Amino acid sequence: MHDESAPNTTWSGGLSDDISRVILSEETIQRRVAELGAQIAADYQGRDLLVVGVLSGSFLFIADLVRQINLPLALDFISVSSYGDRTRSSGVVRMLKDLNQPIAGRDVLLVEDIIDTGLTLSYLIDNLRTRQPASLAVATLLDKKEARVVKIDTAYIGFECPNEFVVGYGLDYAGRYRNLPYIGVLRPEVYAGGDK
Ligand code: 5GP
């Protein structure tokens with residue numbers, strides 16, 4: 001899934017200078033998000049869809065995705081921490097913000113930015129299942145299959161992702177780069193001296 005096209009946005013602050021390779025261009029992402037939205041709309045026709053975004057990494061994906069789902073859906077957010085400033089999963093998941101509403105009897109679609117080890121989602125799925133939704137499905141923009149340590153059933157996958165640390169389109173490194181409109185890999189110098 002290597003996308004050779006150069007970023008089509010000019011950054012006055014030089015944000016793109018820290019990116020060594022663009023993996024998914026803005027256009028490629030938007031095209032796929034539109035496809036996923038149409039597929040989800042078709043699958044959830046006539047159902048009580050509650051989209052649950054996993055903050056913070058999925059904020060751009062959710063914003064774009066829900067605008068491509070032509071259904072009267074409801075939206076909520078949940079936030080867990082699993083990474084801090086590190087680039088590897090610690091396996092420790094902590095609930096930072098819970099849902100604002102009960103989900104019993106509702107059709108819940110959990111929206112993630114990226115599934116790496118799967119530990120974060122596995123925790124969330126177990127937690128949400130105890131609340132007895134009518135159904136619980138997962139949509140992820142990126143899937144790093146190679147890094148998986150627990151099995152996760154994913155109904156909707158945007159792209160398979162190489163086993164590298166990526167940033168942009170919601171994904172951060174040490175809190176930065178979330179506002180890049182595309183997904184890329186950071187130059188190694190950016191990590192030098194940082195918390196890896
Ligand atoms: P998992 O628990 O599946 O290992 O990790 C899931 C979370 O780790 C994601 O929601 C994301 O916040 C973070 N993560 C995993 N891989 C990457 C990556 O390549 N880049 C960034 N920025 N975050 C990642």
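Keep in mind that this is a model prediction, so the values were computed, not measured.
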For the residue pair [X] and [Y], establish whether any side-chain heavy-atom pair is separated by less than 4.5 Å.
X    : Y   : value
I78  : M95 : yes
Y173 : D18 : no
V185 : I23 : yes
L36  : Q68 : no

Is the side chain of [X] donor-acceptor paired with the backbone N or O of [Y] at a distance under 3.5 Å, no angle test?
X    : Y    : result
K144 : I114 : no
T28  : L24  : no
D76  : N100 : yes
T117 : V149 : no

Quiz item: Can you get from I62 to I157 by hopping between Ile, Leu, Val, Met, Phe, Trp and Tyr side chains that sit under 4.5 Å apart?
Solution: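 Each belongs to a different hydrophobic cluster.
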Quiz item: Do L75 and L96 sit in the same hydrophobic cluster, where Ile, Leu, Val, Met, Phe, Trp and Tyr count as joined when their side-chain heavy atoms come under 4.5 Å apart?
Solution: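 In one cluster with L75: L96, no.
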Over all atoms of both residues, closest heavy-atom pair of [X] and [Y]:
X    : Y    : value
A147 : N163 : CB-OD1, 3.7 Å
L55  : S58  : N-OG, 4.3 Å
I19  : Y182 : CG1-OH, 3.7 Å

Quiz prompt | Criterion side-chain contact (heavy atoms from CB on, under 4.5 Å) on E112 and I152, from CA distance to verdict | solution = CA-CA 12 Å; E112 255 287 23; I152 303 281; over 6 Å; no
Exercise. Could you walk me through whether L180 and S16 pass the side-chain contact (heavy atoms from CB on, under 4.5 Å) test, one step at a time?
Key: CA-CA 8 Å; L180 279 172; S16 284; 4.1 Å; yes
Quiz prompt | Residue from L109, V108, D48 passing side-chain contact (heavy atoms from CB on, under 4.5 Å) with P133 | solution =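 When side-chain contact (heavy atoms from CB on, under 4.5 Å) is applied between P133 and each of L109, V108, D48, only V108 qualifies.
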Quiz prompt | side-chain contact (heavy atoms from CB on, under 4.5 Å) partner of Y169, the single match among N179, D113, L141 | solution =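 Only one option passes, and that is L141.
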Between atom [atom1] of [X] and atom [atom2] of [Y], what is the distance when rounded to the nearest 0.5 Å?
X    : Y    : atom1 : atom2 : answer
S79  : L124 : OG    : CG    : 9.5 Å
L136 : D153 : CG    : CG    : 10.5 Å
S25  : Q30  : OG    : CD    : 9.5 Å
D116 : C161 : CG    : SG    : 8.5 Å
T120 : I125 : OG1   : CD1   : 10.5 Å
L99  : K97  : CG    : NZ    : 6.0 Å

Quiz item: Would V51 and I40 count as a side-chain contact (heavy atoms from CB on, under 4.5 Å) if you check the C-alpha gap in whole Å, the side-chain angles of each, and the deciding distance to 0.1 Å?
Solution: CA-CA 11 Å; V51 174; I40 292 166; over 6 Å; no
Practice problem: Give me the one residue out of Q39, R32, R31 that meets side chain to side chain donor-acceptor pair (under 3.5 Å) with E35. | Solution: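 Output: one option passes, namely R32.
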Exercise. Would you please classify the geometry between the Y156 ring and the Y44 ring as parallel, tilted or perpendicular, with 30° and 60° separating the classes?
Key: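 Tilted, since the angle between the ring planes falls between 30° and 60°.
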Practice problem: Kindly write out the residues that satisfy side chain to side chain donor-acceptor pair (under 3.5 Å) with E164, not counting sequence neighbours, or none if the list is empty. | Solution: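 Checked E164 against side chain to side chain donor-acceptor pair (under 3.5 Å); matches are R21.
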Quiz item: Between R131 and D98, is there a side-chain N and carboxylate O pair less than 4.0 Å apart?
Solution: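 Counted as a salt bridge, because a side-chain N and a carboxylate O are separated by less than 4.0 Å.
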Quiz item: Are the charged groups of R148 and D143 less than 4.0 angstrom apart, N to O?
Solution: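 Counted as a salt bridge, because a side-chain N and a carboxylate O are separated by less than 4.0 Å.
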Quiz item: What do you reckon, is CZ of R187 surrounded by more than 12 foreign heavy atoms closer than 6.0 Å?
Solution: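 Yes, enclosed.
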Quiz item: Given the rule in the side-chain contact (heavy atoms from CB on, under 4.5 Å) test, do L171 and L142 qualify, once you have shown the distances and angles that lead to the verdict?
Solution: CA-CA 10 Å; L171 290 153; L142 302 176; 3.7 Å; yes
